[in-house]
Trainee: 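Sharing a structure below in structure tokens format, with a few things to ask.
Both backbone and side-chain heavy atoms feed into the values below; hydrogens, waters and symmetry mates do not. Just so you know, ligand 1 is whichever comes first in the structure, and atom 1 is the first atom listed for that ligand.
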Amino acid sequence: MAQEPLPDSILPDSILIVDFGSQVTQLIARRVREAGVYSEIAPFTLAEEAFKRMKPKGIILSGSPAGVPDDGSPRAPQAFFDAGVPILGICYGQQVMTHQLGGEVKPGHETGEGGEFGRAFLTVIRDCALFDGLWQEGERHQVWMSHGDKVTRFADGFEIVATSDGAPFAVIADEKRKFYGTQFHPEVVHTPDGGRLIANFVRHVCGLAGDWTMAAYREAKVREIRQQVGDRRVICGLSGGVDSSVAAILIHEAIGDQLTCVFVDHGLLRLNERAQVETMFRDHYNIPLVTVDAEDMFMEGLAGVTDPEAKRKFIGKTFIDVFDAEAKNVGGADFLAQGTLYPDVIESVSFTGGPSVTIKSHHNVGGLPERMNMELVEPLRELFKDEVRELGRELGLPDMFVGRHPFPGPGLAIRIPGEVTKERCDILRKADAIYLDEIRKAGLYDAIWQAFAVLLPVKTVGVMGDARTYDSVCGLRAVTSTDGMTADVYPFDAAFLTGCATRIVNEVQGINRVVYDYTSKPPGTIEWE
Ligand code: XMP
């Protein structure tokens with residue numbers, strides 16, 4: 001295969017976001033991408049390196065839990081201020097830029113005014129490029145503030161362009177150098193015009209066209225995968241979920257039959273899931289797919305196991321054993337493909353020092369690359385979940401597949417507290433399918449992050465017809481979430497839940513009572529185990 005040159009970055013036009021440890025840094029990246037511009041987040045400790053690699057057309061400095069006056073609080077690389085590249089500092093970013101350019105930042109307790117937290121209103125004093133087509137002189141606008149310290153004297157070259165009661169320097173600008181600072185957070189939804197302010201920065205100030213699309217990403221990634229893999233072989237573990245499916249289809253587009261997909265049927269899948277995956281990959285996309293029927297092996301190993309962590313460990317290890325054996329059967333591979341997403345690879349920084357890596361360890365095939373001595377192909381590393389869905393649509397994946405709720409690697413095993421048996425999996429599969437069917441019929445599926453049934457190890461007495469029953473309890477769970485890290489309970493109306501309960505008890509033998517889980521995360525987790 002011809003070797004095409006690898007692009008320096010995914011696309012040359014990008015924005016670098018410097019992370020000082022704010023909880024909402026990822027939202028800045030979202031807003032920039034929504035403006036049609038590619039962006040990457042780098043912890044402040046690695047920002048200089050990222051700058052050299054990406055050659056960004058603009059820099060955004062994030063907020064931080066630290067305070068500029070605190071000892072050891074982080075700084076931006078000083079060279080950024082001499083690079084001739086536009087800079088937007090947000091909250092701490094505004095303060096650190098001010099401080100590094102010779103202005104003054106004081107702690108709230110010294111100014112005697114305390115901080116400003118939550119909704120606030122600012123007044124626009126004069127026009128600036130950030131406000132183009134959006135805010136006019138004299139207008140008042142709602143923003144979201146969260147700061148204790150504040151700028152008390154700005155650096156040379158800046159002027160105030162908007163002010164609020166608690167932050168006289170709500171927005172400052174040095175239009176000559178194209179440096180801007182906002183004391184409020186434009187990246188959060190509580191600043192209603194925030195997304196458009198950020199769009200103004202990346203388009204009007206940095207001059208980017210806003211033409212970053214999934215079609216462009218697909219094309220660049222296909223080239224990159226070809227470059228990385230050459231004529232060698234890739235193996236991909238399919239889970240039936242969106243991430244691994246999209247990764248597999250993209251890789252197949254790049255290297256065709258050099259890719260083999262392996263789907264392990266551990267008997268812990270949802271109703272008809274295996275058939276759906278096989279039809280989709282083999283028939284629709286013509287991708288080489290090996291299905292491993294490992295149900296017996298998993299069920300035997302799970303016999304008598306009731307501890308949630310023991311279940312997870314057994315399933316994870318057995319999955320790797322089965323996958324490893326199958327990889328050898330198909331003649332080995334040099335690369336392992338994974339559907340790792342951007343939130344899993346972003347290093348979150350601790351403001352006192354170096355980066356503290358927080359990577360979710362939820363991957364089904366964790367530990368495999370070292371054991372099998374393989375390199376990784378992770379074509380979704382730069383994407384957020386909804387961007388993966390968009391890429392899936394771009395690649396022709398049907399909506400039904402693209403919009404699927406997440407499903408955990410250990411499958412139904414962690415939705416059956418107590419011992420897992422094939423019989424209990426079958427009962428749960430039926431109840432789960434009815435619940436999801438009702439949700440789809442009510443048009444609620446897409447409004448919910450994840451909905452599923454659990455089968456409890458509790459039996460209760462019921463009465464059906466004239467007969468006494470003594471059967472299991474089924475729990476129903478539905479949550480809304482943006483990333484699975486926190487979640488709210490989905491507020492079904494009572495009639496809907498009653499309808500689900502009636503159908504489940506009537507149609508599923510083995511269940512005679514249904515309950516709804518009203519616990520948010522935290523304190524609950526989404527899964528029951
Ligand atoms: P929890 O239960 O931790 O779940 O609130 C958060 C999200 O992660 C999913 N999850 C997993 N996904 N392997 C996975 O691939 C796992 O072991 C696993 N455990 C939980 C869960 O379904 C939810 O979306």
Trainee: Pairs of donor and acceptor atoms involving the side chains of residues 402-421, under 3.5 Å and at least two apart or interchain, shall be tabulated with distances.
Mentor:
residue	atom	partner	partner atom	Å
Arg404	NH1	Gly240	O	2.8
Arg404	NH2	Gln276	OE1	3.0
His405	ND1	Ala451	N	3.1
His405	NE2	Tyr445	O	3.0
His405	NE2	Ile448	O	3.0
Arg415	NE	Glu527	OE1	2.9
Arg415	NH2	Glu527	OE2	3.0
Glu419	OE2	Gly304	N	2.6
Thr421	OG1	Arg424	N	3.1

Trainee: If the cut-off is 4.0 Å to any non-hydrogen atom of Arg312, which atoms of ligand 1 fall inside it?
Mentor: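 Selected atoms, number and element: 16 (C), 17 (O), 18 (C), 19 (N), 20 (C).
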Trainee: In this structure, are over 12 heavy atoms from other groups packed under 6.0 Å from Arg119 atom CZ?
Mentor: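 Result for CZ/Arg119: open.
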Trainee: What are the two closest heavy atoms between Gly237 and Ser244, and how far apart are they?
Mentor: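 Nearest heavy atoms, Gly237 then Ser244: O-CB, 3.6 Å.
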Trainee: Does ligand 1 have an atom that lies less than 4.0 angstrom from a heavy atom of His405?
Mentor: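 No, that is not the case, since the closest heavy atom of the residue is not under 4.0 Å from the ligand.
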Trainee: Should the pair Phe496 and Tyr435 be assigned to parallel (<30°), tilted (30 to 60°) or perpendicular (>60°) ring geometry?
Mentor: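 Phe496 vs Tyr435 ring planes: tilted.
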Trainee: Short list, please: which atoms of ligand 1 are under 4.0 Å from a heavy atom of Thr525?
Mentor: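 Counting from 1, the qualifying ligand atoms are 1 (P), 2 (O), 5 (O).
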Trainee: Short list, please: which atoms of ligand 1 are under 4.0 Å from a heavy atom of Gly484?
Mentor: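 Under 4.0 Å from Gly484, ligand 1 has these atoms: 6 (C).
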Trainee: Taking both backbone and side-chain atoms of Ile526, is any N or O found less than 3.5 Å from an N or O belonging to ligand 1?
Mentor: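 Such a contact does occur with ligand 1.
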Trainee: Taking distance alone, with N or O pairs closer than 3.5 Å, would you say Arg415 contacts ligand 1?
Mentor: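 No.
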Trainee: What pairs meet the ring-ring contact (aromatic ring centres under 6.0 Å, His included) rule with one or both residues in residues 224-254, with sequence neighbours excluded?
Mentor: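 Listed by first then second residue: nothing to list.
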Trainee: Under a 4.0 Å threshold between the charged nitrogen and the carboxylate oxygen, would Arg233 count as salt-bridged to Asp334?
Mentor: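 Result for this pair is no, no salt bridge flagged.
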Trainee: Among Lys521, Arg477, Glu529, whose heavy atom sits nearest atom 3 (O) of ligand 1?
Mentor: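 Ranked by closest heavy atom to atom 3 (O) of ligand 1, first place is Lys521.
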Trainee: For ligand 1, which atoms sit closer than 4.0 Å to a heavy atom of Pro410?
Mentor: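 By the 4.0 Å cutoff, the relevant atoms are 13 (N), 16 (C), 17 (O).
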Trainee: Hey, does Gly409 come in under 3.5 Å of ligand 1, counting only N/O atoms on both sides?
Mentor: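 Yes: some nitrogen or oxygen of Gly409 is under 3.5 Å from one in ligand 1.
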Trainee: Does Arg30 make a cation-pi contact with Phe384 (under 6.0 Å, within 45 degrees of the axis)?
Mentor: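 Ring-cation test returns yes.
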